[in-house]
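As structure tokens, the structure follows; a few thoughts come after it.
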Number of protein chains: 2
Amino acid sequence: MIIKVFIVDDHYMVIEGIHSLLQNEKSIEWSGHATNAVSCLAFLQQQQPDVILMDINLPDKSGIDLCKQVKEKYPSIFIIGLSTFNQLSFIQKMMDSGASGYVLKNASQTELMEAIETVAKGKIYFSDEASKTLQKNEATHIILTRREKEVLELIAEGMTNNVIGQKLFISTATVDTHRKNLLAKLNAKNTASLVRMATQLQLI
Amino acid sequence: MIIKVFIVDDHYMVIEGIHSLLQNEKSIEWSGHATNAVSCLAFLQQQQPDVILMDINLPDKSGIDLCKQVKEKYPSIFIIGLSTFNQLSFIQKMMDSGASGYVLKNASQTELMEAIETVAKGKIYFSDEASKTLQKNEATHIILTRREKEVLELIAEGMTNNVIGQKLFISTATVDTHRKNLLAKLNAKNTASLVRMATQLQLI
DNA sequence: GTTGCACTCCCCTTTTTACATGATTTATCA
DNA sequence: TGATAAATCATGTAAAAAGGGGAGTGCAAC
């Protein structure tokens with residue numbers, strides 16, 4: 001079985017690199033490449049590959065959004081998230097958007113082949129480092145409610161409880177309660193460390 | 001004149017990609033590659049290339065430090081910073097460490113060749129995007145003093161003016177003054193937006 | 001030799017947070 | 001249906017930060 005592989009990445013070096021890594025593989029057919037979301041979608045109207053390697057960071061739209069869009073229109077295409085970053089939030093969002101796997105850009109040829117062959121069968125694949133990140137953060141994962149996220153966002157933008165209350169049509173006292181819960185959940189002493197923690201945990 | 005090019009990057013895809021982009025260039029000799037700082041330094045003890053393409057993010061040590069080290073030992077080697085990020089702080093630090101140029105990983109083959117040939121002559125090269133960033137941020141560049149940076153760091157860690165004062169052996173009033181100046185310099189309304197801005201501007 | 005800047009310190013007032021404690025309503029899920 | 005969690009609001013005190021002002025020292029550059 002020949003697997004048709006397409007790649008979306010705005011870095012020529014990476015496209016060239018993957019092309020080079022895969023060119024001697026008999027089971028792989030190089031379907032083409034795109035450097036942005038628009039030309040990727042245009043290509044898919046003409047023909048559909050089996051597997052798309054998709055960068056998270058694209059110039060015109062995030063790989064997350066593109067992934068969602070592609071899976072809606074072409075559910076039979078399997079998508080592998082591709083990124084420099086081994087960050088929980090990216091991996092989670094990509095998988096939530098319908099991706100079948102996640103591979104870091106420092107992947108070896110072997111790892112890349114494994115990923116492509118695994119997802120082409122309809123299975124899920126994570127590179128070693130990505131799965132480690134998933135496991136590690138599952139324990140320390142902090143779950144914020146919808147409202148808490150909203151409040152956190154506005155706090156980080158420099159709004160006071162009063163202003164946030166007006167913005168969300170709730171009383172200042174309520175905002176204060178959410179704030180207290182945020183401090184407790186993120187184990188922060190005050191606003192400064194709250195914002196610090198939140199950025200480090202990629203919550204904002 | 002044949003230019004010997006070496007590359008240090010922890011992403012196989014990028015190494016492969018650059019290799020592929022340069023393999024048909026007659027003026028380029030592929031000197032080799034390393035995926036970390038240690039093996040790069042080991043290689044340089046054996047032989048020295050003319051130009052090194054150096055990633056900013058390496059597993060064992062930052063490209064910035066490696067750049068400084070290499071230039072100290074081998075001043076005749078020209079180094080081009082290589083990164084996904086078009087961020088002022090990275091570019092500046094890399095140039096401060098003795099690099100001769102800075103190229104983003106989405107560079108085209110033409111751009112890459114231009115960069116290598118320019119720095120091999122001892123000149124400075126910036127990719128289009130990098131030089132735009134330099135110009136753009138030169139105007140909006142925020143300069144913090146040594147003390148302000150220290151205070152900012154401690155604020156972000158959640159310390160109060162009082163505690164910071166004890167830590168730095170200065171009075172609470174002084175810390176408060178620094179804090180006021182930080183708010184003014186970063187155009188922040190309060191601690192929350194101060195920490196937010198500081199992280200966005202890569203100051204902490 | 002004075003101008004500028006970083007760093008230091010102090011006063012005062014108002015606003016905002018932090019902390020404690022308790023309580024109601026609504027929605028969801030087992 | 002009863003339990004659970006989220007979201008809402010309140011009251012009160014203490015601590016911290018924001019915002020305004022002024023002011024002295026030392027150092028380096030012009």
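Per chain, numbering begins at 1; letters A, B, ... match sequence-line order. Keep in mind that the numbers below use all heavy atoms, side chains included, and drop hydrogens, waters and symmetry copies. Source: prediction; values computed, not measured.
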- [ ] Please determine if B:Lys132 and B:Glu129 form a salt bridge, counting it only when a charged side-chain N lies under 4.0 Å from a carboxylate O.
- [x] no
- [ ] Decide, yes or no, whether a salt bridge links B:Arg196 with A:Glu153 under the criterion of side-chain N to carboxylate O below 4.0 Å.
- [x] yes
Task: Ion pair check, B:Lys105 and B:Asp55, cut-off under 4.0 Å - done: yes
Open item on the list: At under 4.0 Å between heavy atoms, how does the protein contact nucleotides 8-16 of chain C? Give one character per nucleotide, 5' to 3', with B, S or -.
Closed with: BBB-----S
Would you tabulate the nitrogen or oxygen pairs shorter than 3.5 Å linking the protein to nucleotides 28-30 of chain D?
none

Open item on the list: Which heavy atom of A:Phe78 sits nearest to which heavy atom of A:Ser100, and what is that distance?
Closed with: CD2-OG, 3.5 Å
- [ ] Please check if any side-chain donor atom of B:Lys4 sits under 3.5 Å from a side-chain acceptor atom of B:Gln48, or the reverse.
- [x] no
Task: Phosphate OP1/OP2 of D:dA7: any A:Thr145 side-chain N/O under 4.0 Å - done: yes
Open item on the list: Taking the basic N atoms (NZ, or NE/NH1/NH2) and the acidic carboxylate oxygens, is any pair closer than 4.0 Å for A:Arg179 and A:Glu148?
Closed with: no
Task: Donor-acceptor contact present, side-chain B:Asp60 to main-chain B:Asn36, <3.5 Å - done: no
- [ ] For this output row, return yes or no: ring centroids of B:Phe85 and A:Phe85 closer than 6.0 angstrom.
- [x] yes
Open item on the list: Distance check needed: D:dA16 P versus B:Leu194 CG, whole Å only.
Closed with: 18 Å
Open item on the list: I'd like to check A:Asn162 versus A:Gln166 (side-chain heavy atoms, cut-off strictly below 4.5 Å). Are they in contact?
Closed with: yes
Open item on the list: Testing the 3.5 Å rule here: is there a donor-acceptor pair between the side chains of B:Gln109 and A:Glu16?
Closed with: no
- [ ] May I have the distance from A:Glu148 (atom CD) to D:dA7 (atom C1'), rounded to whole angstrom?
- [x] 10 Å
- [ ] Estimate the overall bend of the helix from C:dG1-D:dC30 to C:dA30-D:dT1 from the end axes over five pairs each, rounded to 10 degrees.
- [x] 60°
